[in-house]
Amino acid sequence: MIKITLPDGSIREMENNSTPMDVAKSISEGFARNVISASFNNETVETTTPLTTDGTLILYTWKDEKGKEAFWHSSAHVLAQTILHFYPNAKLTIGPAIERGFYYDVDFDGETLTESDFAKLEKQFLEFARQKSEFKKHAISKEEALKKYKNENNEFKVELIENLEDGTISFCDHADFTDLCRGGHIPNTGIIKAIKIMSVAGAYWRGDEKNKQLTRVYGISFPKQKDLKEYLALLEEAKQRDHRKLGKELELFTFSAKVGQGLPLWLPKGAALRDRLEQFLKKAQKKAGYEMVITPHIGHKDLYVTSGHYEKYGADSFQPISTPKEGEEYLLKPMNCPHHCEIFNHKPYSYKDLPVRFAEFGTVYRYEQSGELHGLTRVRCFTQDDAHIFCTPEQLDQEFKNVIDLVMYVFSALGFEEFTAQISLRDPENKEKYIGSDENWEKAENAIIKAAADKGLKTVVEYGEAAFYGPKLDFMVKDVLGRSWQLGTIQVDYNLPERFDLNYKGSDNQLHKPVMIHRAPFGSMERFIAILLEHTGGNFPLWLMPEQVILLPISEKYEKYTKKVLNLLENYEIRALVDDRNEKVGRKIRDAEMSKIPYMIIIGEKEEENEQISVRKHKEGDIGTFSVSEFASMIDEEVKKTIKEF
Ligand SMILES: [Zn+2]
Ligand SMILES: [Zn+2]
């Protein structure tokens, strides 16, 4: 008998050689029907793998990430089977599960696969799936594996196998199809009930452009047709909310090939919106005791040699700019931290002066390959809402909590209600990988865990995910489509104070190294605005809207009264504009709805006579007649509801 421990701590005595599926059935037949993959002692196993020792077993269903991974990985096998059915000369390379679905990289040997082929692939895929073929993994010797692929002239698989140790190589069979594979499959193909080939793209073998270009076939599969339908509807909604599309429609930003790839140009409305975000954070930061600093956009190469950035990222960065005469070398600033360290170094500090908090909306430049650029989320130039806090180890706890407060304040004002905090700690097995004393690390890690708990954050702890210089906390927000984004970050750093020899005089009159905290609630202005656009679909919170109100006079007869209302609104600092086109008011309302402006004010004879305005709300319609001052206090109240005093 073997003892199997389940995630809830319960222990089941099972016959030796029982499989994970046997364990599932011993729990309940109903549960077993939903189990699609498993891990044993933290290693992926098949649901049919005989278990021969005591251990911890986790059984996964479609609801688990690991379950989806096995589902999509297994689907990649069926996709490969399908491709070979139509293209027997195609050479298979690799086919992993990805965040949403899976792909297979294929050398089609001169033939091409286009969108018009997708339907026939999908149909055949489902036919294969319906055969309910079991996935059977088996070990194979290196020699035998090489022989198979050499016979097939598949140089890709040969290369893969050559890099594997004999004794670790396995294949997975289903129906008459076999593939090199490490494992982690669903029990049989019949569980896959829906498939969609999403796209094809070029992909170099092993991601290296010197290698042969392959065809990457992307797909996604589901256990129910209904799930696929929902997923496609969500994708369509995401397309409508794509920040690149909305950014154009709302005239927020643009790109120009002449200016250069990945360098966003902020249009007047976008610049104003960004400025509102900056002012909002600046105001809260001021209350939280931050001081603004300004630093140049370039820095001497030696600055980044000192910080260690040059050694780590130099080769993958924009290359140094040389001065024409002195032969000095400068780098475009990839981060603000080294500059802020030197600001700290400009004068001696005593423990009584700490904490010091330097904040800057600092623009940084990072090289990204042109293929990686994506709207505002992957750019070559972006502005961080950066700040660095220099404090004593004793102050770390409180400072960390203060930063969490600030981040949560920002999220609530912008309508991000669902978020988790990911806490990244040291790998306890490999402590030598990290800089800084054991004692300080423990202090910092405990400070983060405690601060997050005290603030009631939903947390996930990841061991081994800390930076080499300190632990960190990242905020992951969920948008309305359920997609997860990493936004704000708080990082503790013991490295830069060492490298820049930062000191303060302690109460013992000795010099000590301050602890440094890097933090950015938005992350970067570009990325944040992109995510906010996709989250809100362009319906920003009222306080942030480029235009809050549009005036729609029924005819030009009311031009004078319209002008008067506009002036009054401007006095109340309400952002308004007039649609004075010679159009019917119905048309003006429809266009205003399209432009997402939150309030419409209709002005006609009755309104002018009574010195009032008729108000319509975006998506809701008529909300009544008001005086301008009544309307202004209504707007004011709505703004105050989302943006509270920090
Ligand atoms: Zn596999
Ligand atoms: Zn920093």
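Numbering starts at 1 and runs along the sequence shown.
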K.L.:
Measure up the Phe416 and Phe528 rings against each other and bin them: parallel (under 30°), tilted (30 to 60°), perpendicular (over 60°).
P.N.:
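Plane angle over 60°, so perpendicular.
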K.L.:
Hey, is Arg426 close enough to Asp438 for a salt bridge, meaning N to O under 4.0 Å?
P.N.:
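Salt bridge flag = yes for Asp438 with Arg426.
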K.L.:
Show me the side-chain donor-acceptor pairs of residues 56-64 shorter than 3.5 Å, one per line, residues at least two apart or across chains.
P.N.:
unit_1: Tyr60; atom_1: OH; unit_2: Ser39; atom_2: OG; d: 3.2
unit_1: Thr61; atom_1: OG1; unit_2: Lys63; atom_2: N; d: 3.2
unit_1: Asp64; atom_1: OD2; unit_2: Thr61; atom_2: N; d: 2.8

K.L.:
Contact between Phe382 and Leu376 at the side-chain level, heavy atoms closer than 4.5 Å - yes or no?
P.N.:
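SC-SC contact between Phe382 and Leu376 ruled out.
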K.L.:
Are Phe358 and His388, when compared by the centres of their aromatic rings, separated by less than 6.0 Å?
P.N.:
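Judged by ring-centre distance (under 6.0 Å), Phe358 and His388 do not meet the cut-off.
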K.L.:
Do Leu496 and Phe390 touch side chain to side chain, with heavy atoms closer than 4.5 Å?
P.N.:
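Side-chain contact under 4.5 Å: no.
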K.L.:
Is Arg274 close enough and on-axis enough to Trp266, meaning under 6.0 Å and within 45°, for cation-pi?
P.N.:
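So Arg274 does make the cation-pi contact.
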K.L.:
Please check if atom NZ in Lys505 has more than 12 non-hydrogen atoms from other residues, nucleotides or ligands closer than 6.0 Å.
P.N.:
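Not more than 12 within 6.0 Å, no.
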K.L.:
Tell me every residue that passes salt bridge (charged side-chain N to carboxylate O under 4.0 Å, His left out) with Asp302, counting only those two or more places apart in sequence or in another chain.
P.N.:
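Asp302 satisfies salt bridge (charged side-chain N to carboxylate O under 4.0 Å, His left out) with no residue once adjacent residues are dropped.
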K.L.:
Does Thr383 reach the main-chain N or O of Gly362 with its side chain, forming a donor-acceptor pair under 3.5 Å?
P.N.:
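A pair under 3.5 Å: no.
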K.L.:
Do you know which of Asp405, Val492, Asp454 makes side chain to side chain contact (heavy atoms under 4.5 Å, CB included) with Phe400?
P.N.:
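Of the listed options, the one satisfying the test is Val492.
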K.L.:
Report yes or no: does Gln548 contribute a side-chain atom to a donor-acceptor pair with the main-chain N or O of Leu542 at less than 3.5 Å?
P.N.:
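Yes, because the side chain of Gln548 sits within donor-acceptor range (under 3.5 Å) of the backbone of Leu542.
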K.L.:
Decide whether Asn336 and Lys333 meet the rule of one side-chain donor and one side-chain acceptor closer than 3.5 Å.
P.N.:
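Yes.
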K.L.:
Looking at side-chain heavy atoms only, is the closest gap between Leu281 and Glu278 below 4.5 Å?
P.N.:
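No, every pair of side-chain atoms sits at 4.5 Å or beyond.
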K.L.:
Answer yes when Glu465 and Lys472 have at least one side-chain N-carboxylate O distance shorter than 4.0 Å, and no when they do not.
P.N.:
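Between Lys472 and Glu465 there is no salt bridge, as every charged N stays at least 4.0 Å from the carboxylate O atoms.
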K.L.:
Examine distances only and state if a side-chain atom of Arg575 and a backbone atom of Pro546 form a donor-acceptor pair shorter than 3.5 Å.
P.N.:
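Yes, because the side chain of Arg575 sits within donor-acceptor range (under 3.5 Å) of the backbone of Pro546.
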K.L.:
Within the distance-only criterion (no hydrogens, no angle test), does the side chain of Ser350 pair as donor or acceptor with the backbone N or O of Lys352 below 3.5 angstrom?
P.N.:
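Yes, the answer is positive, given that a donor and an acceptor are paired below the 3.5 Å cut-off.
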K.L.:
Quick one: sort the Trp543 and Phe280 rings into parallel, tilted or perpendicular, breaks at 30° and 60°.
P.N.:
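Because their plane-to-plane angle lies in the 30° to 60° range, the rings of Trp543 and Phe280 count as tilted.
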K.L.:
Could you walk me through whether Glu372 and Arg378 pass the salt bridge (Lys or Arg N to Asp or Glu O under 4.0 Å) test, one step at a time?
P.N.:
CA-CA 7 Å; Glu372 302 284 316; Arg378 281 296 273 278; 3.5 Å; yes
K.L.:
Kindly say whether Glu291 contributes a backbone atom to a donor-acceptor pair with the side chain of Gln285 at under 3.5 angstrom?
P.N.:
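Here the side-chain-to-backbone pair does not exist.
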K.L.:
Does a side-chain N-to-carboxylate-O contact under 4.0 Å join Asp208 and Arg206?
P.N.:
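Looking at Arg206 together with Asp208, the answer is no, because their closest N to O distance does not fall below 4.0 Å.
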K.L.:
In a table with atom names and distances, give each donor-acceptor pair under 3.5 Å that connects a side chain of residues 637-646 to protein atoms at least two apart or in another chain.
P.N.:
unit_1: Glu638; atom_1: OE1; unit_2: Tyr599; atom_2: OH; d: 2.4
unit_1: Lys640; atom_1: NZ; unit_2: Asp636; atom_2: OD2; d: 3.0
unit_1: Thr642; atom_1: OG1; unit_2: Val639; atom_2: O; d: 3.1
unit_1: Lys644; atom_1: NZ; unit_2: Lys641; atom_2: O; d: 3.1
unit_1: Glu645; atom_1: OE1; unit_2: Lys287; atom_2: NZ; d: 2.6

K.L.:
Could you walk me through whether Phe419 and Phe411 pass the ring-ring contact (aromatic ring centres under 6.0 Å, His included) test, one step at a time?
P.N.:
CA-CA 9 Å; Phe419 52 85; Phe411 287 178; 5.4 Å; yes
K.L.:
Using every non-hydrogen atom in the two residues, find where Ala451 and Lys401 come nearest and quote the distance to one decimal.
P.N.:
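Shortest heavy-atom contact: CB-CG, 3.7 Å.
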K.L.:
Between Arg499 and Asp501, does at least one N-O distance fall below 4.0 Å, as a salt bridge requires?
P.N.:
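No, this pair does not count.
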K.L.:
Tell me if the CZ atom of Phe468 is crowded by more than 12 foreign heavy atoms within 6.0 Å.
P.N.:
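Check passes, neighbour count above 12.
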K.L.:
Below 4.5 Å, heavy atoms only, C-beta onward: do Leu425 and Glu462 meet side chain to side chain?
P.N.:
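Answer no - side chains too far apart.
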K.L.:
Going by an N to O cut-off under 4.0 Å, is there a salt bridge joining Arg357 and Glu399?
P.N.:
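Answer for the salt bridge query: yes.
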K.L.:
Could you tell me whether Glu573 atom CD has more than 12 heavy atoms of other residues or ligands within 6.0 Å of it?
P.N.:
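Not buried by this count: 12 neighbours or fewer within 6.0 Å.
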K.L.:
Answer yes or no: is there an ion pair linking Glu534 with Arg241, defined by an N-O contact shorter than 4.0 Å?
P.N.:
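Looking at Glu534 and Arg241, the cut-off is not met.
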K.L.:
Measure up the Phe253 and His243 rings against each other and bin them: parallel (under 30°), tilted (30 to 60°), perpendicular (over 60°).
P.N.:
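Answer is tilted, since the angle falls between 30° and 60°.
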K.L.:
Parallel under 30°, tilted from 30 to 60°, perpendicular over 60°: which one fits the rings of Tyr469 and His518?
P.N.:
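Judged by the thresholds at 30° and 60°, the geometry between Tyr469 and His518 is tilted.
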K.L.:
Quick check against the 3.5 Å criterion: does Asp385 have a side-chain atom that pairs as donor or acceptor with the backbone of Gly523?
P.N.:
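Present.
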